[in-house]
Amino acid sequence: MKILVTGTAGFIGSQLAHRLLERGDEVIGVDNVNDYYDVNLKEARLSRLTGHAGFTEVREDVADRTVMTDIFAKHRPERVVHLAAQAGVRYSLENPNAYVDANLVGFMNILEGCRHNDVKHLVYASSSSVYGANEAMPFSVHDNVDHPLSLYAASKKANELMAHTYSHLYGLPTTGLRFFTVYGPWGRPDMALFIFTKKILAGEPIDVFNHGNHKRDFTYIDDIVEGVVRTLDQVAQPNGDWSGAAPDPSTSKAPYRIYNIGSNNPVELSRFIEIIEQRVGKKAQKNLLPMQPGDVPATYANVDDLISDVGYKPATGVEEGIANFVDWYRDFYQV
Ligand SMILES: NC(=O)c1ccc[n+]([C@@H]2O[C@H](COP(=O)([O-])OP(=O)(O)OC[C@H]3O[C@@H](n4cnc5c(N)ncnc54)[C@H](O)[C@@H]3O)[C@@H](O)[C@H]2O)c1
């Protein structure tokens, strides 16, 4: 298949593209390689892809309407996986406009590209952060998510709403994936595992928010990629049982659906740090701090629908996943 993947210099996008190329798909990879974090890391991820004959790199901004119109018209992808976005909850308090440009305008351009070029399935990244103020655990795609706590979360929820209108109006099959705290080799420098590993190795103190009592449904990168590939391969269908009298938020009369992809096994941040310490072989100096604005105390994914629809549940434990990350980090940065 010819698949347009956005965010291919990113953590998840680069690993997904790798997997699709390995199985023989053709990948058009769009990423503007912005400097939100270390550009060298993004270039290194990309260089693992550029050697593949089936990979075409397109270094452009998804928020540029003219450019995106041209990319869709030129490449005519059969399917699209849209992962490019301004990520990060905390940064959305500092620079909200970046989220409007990349996540709202960018998403709009993807929808229009799909609509006008007869794309057969759009899969896009949503986030566990859409659960916001919800406290019913585990988080279910059948509950409503109308109380986001950050503009990042609101932009992801907005994507789900925008996708529904295109599924309804133009019959575009869309699948939104709510990823739960993804970690693993080639991970993001603005996320906890990367920051903690780097600082513990350097003998520097780490900031531990919410005194380490946070719980996160940490999900290993390979499990995320497996979930994306499986949902991509099964095109979203209308739900014949859906009723507007009791509307289920996760499906529709239109070809629209939403899944959680999480490990379904929340781990306390303090435990997560212990495992890093063990693998690094050094104790962390911890700066215990209160919870940050925009953050939520816990995330926990109900993945029943993923299991019933695509026969899959993430299975990698944090001990194995953290070990893989620390080994990759030491090798990549030679520390
Ligand atoms: N990593 C997680 O824990 C997590 C959790 C939930 C949701 N997500 C979502 O998954 C997706 C991928 O996340 P990631 O962790 O790989 O992040 P990432 O920042 O590593 O990757 C995103 C990529 O998109 C690119 N990008 C950003 N804005 C762009 C623009 N306007 N035009 C073109 N390219 C642009 C960046 O250069 C980057 O390479 C994002 O949509 C993110 O919001 C990630």
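When a ligand or atom number is given, it counts from 1 through the structure's own listing order.
With a 6.0 Å radius and a threshold of 12 heavy atoms from other residues, nucleotides or ligands, E135 has its CD atom at or below the threshold. The environment of NZ in K157 is crowded: more than 12 heavy-atom neighbours from other residues, nucleotides or ligands sit within 6.0 Å.
Between Y256 and the options T174, T165, N239, a side-chain contact (heavy atoms from CB on, under 4.5 Å) holds for only T174. Results of the side chain to side chain donor-acceptor pair (under 3.5 Å) test with T316 over N265, D223, T219 single out D223 as the only residue that passes. The side-chain contact (heavy atoms from CB on, under 4.5 Å) test with F11 is passed by exactly one of L16, L41, L83, V182: V182. A ring-ring contact (aromatic ring centres under 6.0 Å, His included) with H82 is found for one member of F72, Y124, F107 and no other, namely F107. Residue Y183 forms a ring-ring contact (aromatic ring centres under 6.0 Å, His included) with just one option from F325, Y220, F194, and that option is Y220.
Atoms of ligand 1 found under 4.0 Å from any heavy atom of S126, numbered from 1 in the order shown, are 6 (C), 7 (C). Atoms of ligand 1 lying under 4.0 Å from any heavy atom of V33, numbered from 1 in the order shown and given with element: 37 (O). Each of the atoms 18 (P), 19 (O), 20 (O) of ligand 1 lies under 4.0 Å from some heavy atom of Y37. Residue-ligand proximity, V182 to ligand 1, at heavy-atom distances under 4.0 Å covers atoms 1 (N), 2 (C), 3 (O), 4 (C). Residue M191 has at least one heavy-atom neighbour below 4.0 Å for each of these atoms of ligand 1: 1 (N), 3 (O). Of all atoms in ligand 1, listed by their number and element, those nearer than 4.0 Å to a heavy atom of L83 are 11 (C), 12 (C), 40 (C), 41 (O). Atoms of ligand 1 lying under 4.0 Å from any heavy atom of K156, numbered from 1 in the order shown and given with element: 40 (C), 41 (O), 42 (C), 43 (O). Remark: ligand 1 atoms within the under-4.0 Å shell around heavy atoms of G7 are 23 (C), 24 (O).
Annotation: R188 places an N or O atom under 3.5 Å from an N or O atom of ligand 1; distance criterion only. Between A102 and ligand 1, not a single N/O pair is under 3.5 Å apart. For ligand 1, the polar-atom distance check finds no N/O of F180 at less than 3.5 Å from any of the ligand's N/O atoms. In terms of polar-atom proximity, F11 is counted as a contact of ligand 1, with an N or O under 3.5 Å from an N or O of the ligand.
Here the protein heavy atom with the shortest distance to atom 21 (O) of ligand 1 is G10 CA, 3.3 Å. Counting only heavy atoms of the protein, atom 6 (C) of ligand 1 lies nearest to F179 O, 3.4 Å. The closest protein non-hydrogen atom to atom 32 (N) of ligand 1 is V62 N, 2.9 Å.
For atom 27 (C) of ligand 1, the choice among S128, A84, G187, A85 with the nearest heavy atom turns out to be A85. The closest heavy-atom contact to atom 38 (C) of ligand 1, among the options T6, N32, D31, V89, comes from D31. The heavy atom nearest to atom 28 (N) of ligand 1, out of those in D64, N34, D35, is found in N34. Considering only non-hydrogen atoms, atom 16 (O) of ligand 1 lies nearest to I12 out of D61, I12, V39.
Judged by the 6.0 Å and 45° rule, K42 forms a cation-pi pair with Y37.
Heavy atoms only, all atoms of each residue included: G262 and A301 are closest at CA-CB, 3.8 Å. Minimum heavy-atom separation, A9 to D31: N-OD2, 2.9 Å. Of all heavy-atom pairs between H142 and D248, the closest is ND1-OD1, 2.9 Å.
Contact annotation: for Y152 versus ligand 1, heavy atoms closer than 4.0 Å belong to the side chain alone. For V30, no heavy-atom contact with ligand 1 is shorter than 4.0 Å. Of all the heavy atoms of S129, none lies under 4.0 Å from any atom of ligand 1, so neither backbone nor side chain is involved.
Using a 4.5 Å cut-off on side-chain heavy atoms (C-beta onward), R90 and Q292 make contact. Between V208 and I273 there is a side-chain heavy-atom pair separated by less than 4.5 Å.
The closest approach between a heavy atom of R178 and any atom of ligand 1 is not below 4.0 Å.
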Legend entry - salt bridge (Lys or Arg N to Asp or Glu O under 4.0 Å) assessment of R271 paired with E274: CA-CA 5 Å; R271 172 69 190 136; E274 261 173 35; 2.9 Å; yes
